[in-house]
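For reference, the structure is listed below as structure tokens.
Atoms within a ligand are numbered from 1 in the order they appear, just like the ligands themselves.
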Amino acid sequence: MHTSAIPPGPAEGFDIGGSEESLARLQDYFARFGDVYRVFAPARGVFNYVINHPDDIKRVLLTNHRNYTKGEGMDRVKILLGNGIMTSEGAFWRRQRRMMQPAFHRRVIDQFSTLIGEVNEKFAQRWAEHCARGEPVNVSSDTSELTLEIVLRSLFGSDLRRLEHQMGANPFEVVAKQPNRDLKFAFQFRSLGKLVGELIQNRRHAPEEHFDFLSMLMLTRDRESGEPMSDKELIDEVLTLIVAGHETTAAALTWTWYLLGQHREIAEQLEAEADRSAASVMSLAAAESMSFTHQVLQESLRLYPPGWLISRRAIEGDELGGFSIPPRSDVFISPYMLHRHPAFWSDAEQFKPERFSDVEANERHKFAYIPFAVGPRHCIGENIAMFEMLVHMRTMTRQFRLKRATSEPIEFEAQINLRPRSNLMMTVTTR
Ligand code: HEM
């Protein structure tokens, strides 16, 4: 095919990612136009490009990643996260990523095992109380609170308690309690930056030993200049980690409980694996050795990837799937669509954790599954996310069985994250 070929696409215009309808449109367009197509975007007055083939995704996110910035959608996210690692670009992003990477090393993550265990035990206690009272649990809000507590305690350590004490409540609670991600929330959230700034100042004036992400971020130095991060940089990174670290993980856990509620036989296999696990505080290695639980989480992330839409902007023109992509085009990748691509997944709508057994996974195209993205900008928190999700499933399935409290179908909310539109309520029984 000649490289100047223009990809097919619908006659009508549509802003992908701009509204709730995006997921339905992506499904429709994929059925009509396949792996590469273009859609006129009225908001920018140019064509957007959508790619669904793993080879093209590999090119954009990995082999030719230098030709792409984050592009569309980042302006909105920047209001919330400032110039943190999620939204920054170029040399500055590279510096931040290099400085932050060691804090997410497996050896470091492993040291959060007690914290992750404790927070899960606390929520198990809560679920036991619901069970005793015969009240359903709100899985959406409980997983949101749980993952928020893990990210806050891993960031601030003992300072979190101090802050709660001082202020009479956890000032970051708003993040889990207020689900709307509108401008009002952005304003409330950014004002928390002041608090983080004060915390940083206190630590600078009264240095004491801390083991948490904040202290690691304060200690890390730029390889070339030897400089630490400024207060502003620290604040943006802390706020970024709070949002990036908690919403996605909470959505993934909610979807997993939803799927388990529909598949009793798989829940039983999970329970059996949880019962076999011995350690009271799970190390990262022990958590990862629960291979069936791992497969269940992977399969849940396949069907409902919280990061359902990834966007990049081409700097120079590119060629994808034999079609030419003009300079400055926005290119969209939807893990949701990719994870259901019929050429790479059989019975794609079915929940089948065994797809992730070594034998099956090894035969699959390596880039057909990207819940944490791939390439240099892949999720920095993947290991800690998997760790806390494994420990959560294990802690809860050892003690409880969950069933949907109502039977109406779940509707999607596909904003920045993919999550169920209404709260997932489930009844809990002890095993
Ligand atoms: C199940 C949970 C999670 C999922 C599905 C997820 C997914 C993703 C995806 C798809 C990206 C790439 C976004 C893009 O390139 O546009 C990403 C980036 C990122 N994630 Fe996660 N994430 C999860 C948990 C976490 C956690 C726990 C943390 C931190 C504690 C975290 C921190 C980040 C950061 C900082 C980035 C930006 C990295 C960069 O641009 O260099 N994530 N995540």
Determine the sole option in Gln350, Glu299, Glu360 for which the side-chain hydrogen bond (donor to acceptor under 3.5 Å, both in side chains) test with Arg355 is passed.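 Single pass found, and it is Glu299.
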
Given Met86, Arg97, Lys70, Glu247, which has its nearest heavy atom closest to atom 39 (C) of ligand 1?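 That would be Arg97.
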
If you take the nearest heavy atom of each of Pro306, Ser154, Pro371, Pro376, which one is closest to atom 7 (C) of ligand 1? Pro371

Aromatic contact, Phe323 with Tyr37 (centres under 6.0 Å):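 No, too far apart.
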
Calculate, to the nearest 0.5 Å, the distance between atoms CD and CG belonging to Gln298 and Leu303 respectively. 12.5 Å

Is Phe213 in contact with ligand 1, taking contact as a heavy-atom separation below 4.0 Å?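 Under 4.0 Å: no for Phe213.
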
Listing by chain and number, what protein N/O/S atoms are under 2.8 Å from atom 21 (Fe) of ligand 1?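 Near atom 21 (Fe) of ligand 1, below 2.8 Å, one finds Cys379 SG.
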
Less than 3.5 Å apart, any donor N or O on the side chain of Gln201 or Asp231 sitting next to an acceptor on the other?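 Yes, a side-chain donor-acceptor pair sits under 3.5 Å.
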
Atom pairs and distances, donor-acceptor, side-chain atoms in residues 380-392, under 3.5 Å, two or more places apart:
residue	atom	partner	partner atom	Å
His392	ND1	Asn120	OD1	2.9
His392	NE2	Trp257	NE1	3.0

One finds that the ligand 1 atoms under 4.0 Å from a non-hydrogen atom of Ile85 are 35 (C), 39 (C), 40 (O), 41 (O)

Proximal atoms of ligand 1 relative to Thr249 (non-hydrogen, under 4.0 Å):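 Those of ligand 1 that fall under 4.0 Å from Thr249 are 1 (C), 2 (C), 24 (C), 27 (C).
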
Applying side chain to side chain donor-acceptor pair (under 3.5 Å), can you list everything that pairs with Lys177, at least two apart in sequence or on another chain? none

What residues form a side chain to side chain donor-acceptor pair (under 3.5 Å) with Glu354, not counting sequence neighbours?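 Side chain to side chain donor-acceptor pair (under 3.5 Å) list for Glu354, sorted by chain: empty.
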
Output yes when the distance from some N or O of ligand 1 to some N or O of [X] is under 3.5 Å, and no in every other case.
X      : result
Arg377 : yes
His378 : no
Glu388 : no

CD of Glu316: more than 12 outside heavy atoms within 6.0 angstrom?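 At most 12 heavy atoms, drawn from other residues, nucleotides or ligands, come within 6.0 Å of this atom.
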
Looking at Glu233 and Arg95, does any basic side-chain N land under 4.0 Å from a carboxylate oxygen? yes

